[in-house]
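Convention: sequence-line order gives letters A, B, ...; per-chain numbering from 1. Computed from a predicted structure; not experimentally measured.
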2 protein chains.
Amino acid sequence: MSLTNILNLVDSIGNLLRSEEKKFLQPLGLQPIHLHVLMYLSMCNKYSNNPAALTKYLGNTKGTTSQSINVLESKGYLVKQKSKKDKRIVKLYLTEQATEIIKKLSFEDSEDFFNDRSMEITENVLTNILKSLQLSNQSMTFGICKTCDFFIDEGDGFRCGLTEEVLFDYEIDLVCQEHESELQDI
Amino acid sequence: MSLTNILNLVDSIGNLLRSEEKKFLQPLGLQPIHLHVLMYLSMCNKYSNNPAALTKYLGNTKGTTSQSINVLESKGYLVKQKSKKDKRIVKLYLTEQATEIIKKLSFEDSEDFFNDRSMEITENVLTNILKSLQLSNQSMTFGICKTCDFFIDEGDGFRCGLTEEVLFDYEIDLVCQEHESELQDI
DNA sequence: TATTATAGTATCGACTCAATACTAACAATA
DNA sequence: TATTGTTAGTATTGAGTCGATACTATAATA
């Protein structure tokens, strides 16, 4: 029972998921990287749906990211829109065509497969592993809004302590590139 | 607490590991796929260190695998050797140069980070997730020798029930392409 | 022996990716 | 306001991966 074992398992599951992804994407003429872009955009918030955040998330160069985006745009999976606040920034929005693909690839929960307590512990361990890896590599944390240190619950609503903006209910479960937090206890 | 959450975590950790891998591999002139080949060869047994098994494991075509192997061979990371039993089969062996790279990339265990019971449960849940994914996709299981249904403990030694061959101690922790097993209880 | 199946290779075109150089927009300062 | 530097993103090009196809060599089978 060691961290190495767990990381090897994570890697094996990842390999398998990617291998299955490939079979699914082939007929659509898409590459794995394109699906990762779509997945990211489907779960990130309004501060994080731009090429720069994608570049950090994917670990590619910005030129490479730019090309991946162009491919997806030309195939109708996303649309670009210049930010009005800062005209250098491009906002990326998924099309209906893209969200349908993502829906097909999401897993239906088989709740009866493991007991709740085991799932909870597993989720906690993995969350902490992810965070400690992110910390030790000085990479962006890209966590979920509501788990961020900047997140403020005002009782009658939510607010981001960094941008000072009000957050709608649906936004607090999305991934943010500005996410910051300490490790949780288990 | 759901399977989807856990798979998303697995995916995120996988993305991060790959992103870090890339930074490490860049100066060596290697691609991620090459590292996966080396990793696989470092943990597979004598029935599984051939291009065909690699092809199944990686989910690529055999032509693609052949090219990846050639790149690694030309850079001195592995050597080929024709099987004497079956002259169609090529055995792949890692060089010293390759094992050094793998050593650098393996994680040192930080045992104090999580408690043993949590780690054990996590490992178990992930193992079962992996197995059920493998089953539902009819993909090769590629499990560890000693967890295989063909594995025989004879008291004074070990044996493979499929090939009938005697197994040395160091072999029973290696990955085998012929691995078969049922799901474990948790 | 003839046929079929298996293991692996060679070649080529499509495509990804990194590197480089570039433009446009913003920010800071004098 | 003009200057300088920074940030966000794009365009181009060359190296290299990958998949498809066609191929050789060996083994298994009828």
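Residue E96(B) qualifies as open at atom CD: its count of foreign heavy atoms under 6.0 Å is 12 or below. In this structure, K87(B) places its NZ atom where only 12 or fewer heavy-atom neighbours from other residues, nucleotides or ligands lie under 6.0 Å away.
A distance of 10.5 Å separates CD of E120(A) from CD1 of I6(B), quoted to the nearest 0.5 Å. Between the CG atom in L126(A) and the CG atom in L126(B) there is a gap of 5.5 Å [rounded to 0.5 Å]. Distance check, rounded to the nearest 0.5 Å: CG of N8(B) to CG of L130(A) gives 11.0 Å.
If you take NZ of K22(B) and P of dG16(D), they are 17 Å apart, rounded to a whole angstrom. Between the NZ atom of K56(A) and the C1' atom of dG9(D) there is a distance of 14 Å, rounded to whole Å. The nearest whole Å value for the distance from the CD1 atom in I33(B) to the C1' atom in dT16(C) is 14 Å. To the nearest angstrom, P of dA8(D) lies 13 Å from CD1 of I69(A). If you measure from atom CG of N70(A) to atom P of dT12(D), you get 11 Å, rounded to the nearest angstrom. If you measure from atom CG of N60(A) to atom C1' of dT17(D), you get 14 Å, rounded to the nearest angstrom. Rounded to whole Å, the distance from NZ on K62(B) to P on dT21(D) is 13 Å. Whole-Å rounding puts the R18(A) CZ to dC18(D) P distance at 12 Å.
For A52(B), taking side-chain heavy atoms from C-beta onward, the closest of the listed nucleotides dT17(D), dG8(C), dC17(C) is dG8(C). Across dG19(D), dA18(C), dC17(C), the shortest atom-to-atom separation from the side chain of S68(A) is found for dC17(C).
Checking Y170(A), F151(A), F168(A), F150(A) one by one against F158(A), the ring-ring contact (aromatic ring centres under 6.0 Å, His included) holds for a single residue, F151(A). Test E165(B), E171(B), H179(B), E178(B) against Y47(B) for side-chain hydrogen bond (donor to acceptor under 3.5 Å, both in side chains) and you get one pass: E165(B).
When the side-chain nitrogen and oxygen atoms of T64(B) are compared with OP1 and OP2 of dT17(D), none of them lie within a distance under 4.0 Å. Considering only side-chain N and O atoms, S66(B) lies nowhere under 4.0 angstrom from the phosphate OP1 or OP2 of dG8(C). Between N50(A) and the phosphate of dA8(D), there is no side-chain N or O to OP1/OP2 separation shorter than 4.0 Å. Regarding contacts with the backbone of dT17(D), a side-chain N or O of H34(B) is found under 4.0 angstrom from either OP1 or OP2.
Hydrophobic cluster membership is shared by I33(A) and L25(A), with clusters built from Ile, Leu, Val, Met, Phe, Trp and Tyr side chains linked at under 4.5 angstrom.
Not a single donor-acceptor pair, N or O on each side, falls under 3.5 Å between the base of dG9(D) and the side chain of Q67(A).
Side-chain contact annotation: K80(A) with N70(A), donor-acceptor N/O pair under 3.5 Å present.
Taking each heavy atom of Q97(B) and G76(B) in turn, the nearest pair found is OE1-O, 3.0 Å.
DNA chain C is contacted by R88(B), I89(B), V90(B) of residues 83-92 of chain B, taking any non-hydrogen atom closer than 4.0 Å.
Within the 4.0 angstrom heavy-atom criterion, no nucleotide atom of any strand lies near T65(B). Residue contacts shown for K80(B) are limited to sugar-phosphate atoms, with no base heavy atom under 4.0 Å away.
A residue-by-residue look at Q26(A) and P51(A) shows that P51(A) has its nearest nucleotide of DNA chain D further toward the 5' end.
Over its full length, the helix from dT1(C)-dA30(D) to dA30(C)-dT1(D) turns its helical axis through 20°, comparing axes from the five pairs at each end and rounding to 10°.
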